[in-house]
Amino acid sequence: YEILPYYKEGSLAGKKFSYRQLKSIIIPALNEGLHVLHNNGIIHRDLKPSNIMLADNGQDAVIIDYGISSIREYGKTAVIVARGMTLAYSSPEAIRGLYLNESDYYSLGITLYELYCGYNPYAKMSPAEVEQFVVDQKLPIPTEMEDELKDLITALTYSDIRNRKDKADPNRRWGYEEVLKWCSGITQPVPGK
């Protein structure tokens, strides 16, 4: 058995956060958490608000629930597995059964959208519609969202992963380094723009 900490503030599910709260607390904490996981060969595969707890100090977000996580072994950068995910937070490649570190960052983008807007962008779609939309469409971003946050979510949910290993190519999904720069206010090219 495992003994886990009790977080009296609960998960982030159903909660909304301001742009300032996201940028100063939630995004840096989740970016660092994903970085630690990925450096240890773990792909979470189910990042979403209900799997993120707000620490009692109000300054940290904690990633939980590793029930379907995968371990990258022998230096591999991808894991191919049968499905096991929450569709509304899944990347196009995850829907096809391919999981990468970048897949967790896609889920982060959808999670941030929900934490800011108060709803998941696919909330009113059937599973078949979600799957079709994620694979074929660009995520619609509300016009009232701050431009910086729009850029971050657009970059995290960029669907084309062909250039993922070429750090110089601006048309690739953002990961740890790009999110770190974004948190520091460094302007970067947004993929697809």
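If you're wondering where the values come from, they're calculated on a predicted model, not measured in any experiment.
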**Request:** State the CD-CZ distance between Glu131 and Arg96, to the nearest 0.5 angstrom.
**Result:** 9.0 Å
**Asked** So, does Gln132 use its side chain to make a donor-acceptor pair with the main chain of Glu129 at under 3.5 Å?
**Response** no
Counting only pairs under 3.5 Å, give me each side-chain donor-acceptor contact of residues 3-11, with atom names and distances, residues two or more places apart or in other chains.
{"unit_1": "Ser11", "atom_1": "OG", "unit_2": "Ala13", "atom_2": "N", "d": "3.2"}

**Fill in**
Here the gap from Asp65 atom CG to Met53 atom CE, rounded to the nearest 0.5 Å, amounts to 10.5 Å
**Message:** What I'd like to find out is whether the side chain of Pro191 reaches to under 4.5 Å of the side chain of Pro170, using heavy atoms alone.
**Reply:** no
**Message:** Do Asp60 and Ile25 make a side-chain contact, defined as non-hydrogen atoms from C-beta onward lying under 4.5 Å apart?
**Reply:** no
**Prompt:** Between Asn40 and Ile42, is there a donor-acceptor pair closer than 3.5 Å when you use the side chain of the first and the backbone of the second?
**Reply:** no
**Asked** Are Ser91 and Glu102 close enough that a side-chain donor and a side-chain acceptor fall under 3.5 Å?
**Response** no
**Request:** Apply side chain to side chain contact (heavy atoms under 4.5 Å, CB included) to Lys23 and Glu148, showing your working.
**Result:** CA-CA 10 Å; Lys23 187 167 185 176; Glu148 283 183 354; 3.2 Å; yes
**Request:** Using a 4.5 Å cut-off on heavy atoms from C-beta on, say whether the side chain of Ile161 contacts that of Arg172.
**Result:** no
**Asked** Are Leu149 and Tyr116 close enough, and set up right, to give a side chain to side chain contact (heavy atoms under 4.5 Å, CB included), and what steps lead you there?
**Response** CA-CA 9 Å; Leu149 189 55; Tyr116 181 80; 3.6 Å; yes
**Request:** Locate the shortest heavy-atom distance separating Ser159 from Arg173; write the atom from each residue and the value.
**Result:** O-NH2, 3.6 Å
**Message:** Is there a continuous path of hydrophobic side-chain contacts, each under 4.5 Å between heavy atoms, that joins Val36 to Leu100?
**Reply:** no
**Prompt:** Considering all heavy atoms of both residues, which atom of Thr86 and which atom of Ser90 are nearest to each other, and what is their separation?
**Reply:** O-OG, 2.9 Å
**Request:** Find out whether Met145 and Ile153 are in side-chain contact, i.e. whether some heavy atom of one side chain is under 4.5 Å from a heavy atom of the other.
**Result:** yes
**Item:** Reported CD-to-CG distance for the pair Gln21 and Leu54, which is rounded to 0.5 angstrom
**Value:** 9.0 Å
**Item:** Beyond-backbone contact of Lys193 with Asp151, side-chain heavy atoms, under 4.5 angstrom
**Value:** yes
**Asked** Taking C-beta and beyond as the side chain, do Tyr66 and Leu37 meet within less than 4.5 Å on heavy atoms?
**Response** yes
**Request:** Starting from the C-alpha separation in whole Å, work towards a yes-or-no answer on side chain to side chain contact (heavy atoms under 4.5 Å, CB included) for Thr111 and Leu115.
**Result:** CA-CA 6 Å; Thr111 295; Leu115 294 177; 3.9 Å; yes
**Message:** Taking the six-membered ring of Trp174 as reference, does the cationic atom of Lys181 (NZ for Lys, CZ for Arg) lie under 6.0 Å from its centre and within 45° of its axis?
**Reply:** no
**Message:** Does Arg45 form a side-chain hydrogen bond (donor to acceptor under 3.5 Å, both in side chains) with Ser69? I'd like the steps, not just the answer.
**Reply:** CA-CA 5 Å; Arg45 292 184 46 208; Ser69 296; over 6 Å; no
**Prompt:** If only atom types and distance count, is the side chain of Asp147 paired as donor or acceptor with the main-chain N or O of Lys150 below 3.5 Å?
**Reply:** no
**Message:** Please give me the minimum heavy-atom distance between Met125 and Val130, naming the atom from each residue.
**Reply:** CB-CG2, 3.6 Å
**Request:** Assess whether salt bridge (Lys or Arg N to Asp or Glu O under 4.0 Å) is satisfied between Asp46 and Lys48, documenting all intermediate values.
**Result:** CA-CA 6 Å; Asp46 200 24; Lys48 58 187 176 183; 3.5 Å; yes
**Request:** Would you check if Tyr106 and Leu47 make a side-chain contact, meaning some heavy-atom pair closer than 4.5 Å?
**Result:** no
**Message:** Would Arg164 and Asp169 count as a salt bridge (Lys or Arg N to Asp or Glu O under 4.0 Å) here? Give the steps.
**Reply:** CA-CA 8 Å; Arg164 70 186 184 92; Asp169 193 321; over 6 Å; no
**Fill in**
The reported gap from CG in Leu112 to CZ in Phe17 (rounded to nearest 0.5 angstrom) is 10.5 Å
**Asked** Taking all non-hydrogen atoms of both residues, which atom of Tyr99 and which atom of Ile43 are closest, and how far apart?
**Response** O-CD1, 3.5 Å
**Complete:** Scanning both residues in full, the closest heavy-atom pair of Ala88 with Ile110 reads O-CG2, 3.3 Å
**Message:** Evaluate Thr154 against Leu139 for side chain to side chain contact (heavy atoms under 4.5 Å, CB included), listing each step before the verdict.
**Reply:** CA-CA 7 Å; Thr154 298; Leu139 181 70; over 6 Å; no
**Request:** Let me see the working for Tyr122 and Phe133 under ring pair (Phe, Tyr, Trp, His ring centres under 6.0 Å), right down to the final yes or no.
**Result:** CA-CA 9 Å; Tyr122 308 117; Phe133 192 91; 5.7 Å; yes
**Atom pair CG (Asn57) and CD (Gln59), whose distance is rounded to the nearest 0.5 Å** = 6.0 Å
**Heavy-atom side-chain proximity of Asn120 to Tyr89 below 4.5 angstrom** = yes
**Request:** Establish, from distance only, whether the side-chain atoms of Asn101 and Asp104 form a donor-acceptor pair under 3.5 Å.
**Result:** no
Taking distance alone, no hydrogens or angles, what donor-acceptor pairs closer than 3.5 Å link side-chain atoms of residues 28-35 to residues at least two apart or in another chain?
{"unit_1": "Asn31", "atom_1": "OD1", "unit_2": "Tyr105", "atom_2": "OH", "d": "2.8"}
{"unit_1": "Asn31", "atom_1": "ND2", "unit_2": "Tyr176", "atom_2": "O", "d": "3.2"}
{"unit_1": "Glu32", "atom_1": "OE1", "unit_2": "Tyr176", "atom_2": "OH", "d": "3.4"}
{"unit_1": "Glu32", "atom_1": "OE2", "unit_2": "Tyr176", "atom_2": "OH", "d": "2.8"}
{"unit_1": "His35", "atom_1": "NE2", "unit_2": "Asn39", "atom_2": "ND2", "d": "3.1"}

**Request:** Taking all non-hydrogen atoms of both residues into account, name the closest pair between Glu93 and Ser103 and its distance.
**Result:** OE2-OG, 2.8 Å
**Prompt:** Distance from Lys15 atom NZ to Ile26 atom CD1, nearest 0.5 Å?
**Reply:** 9.0 Å
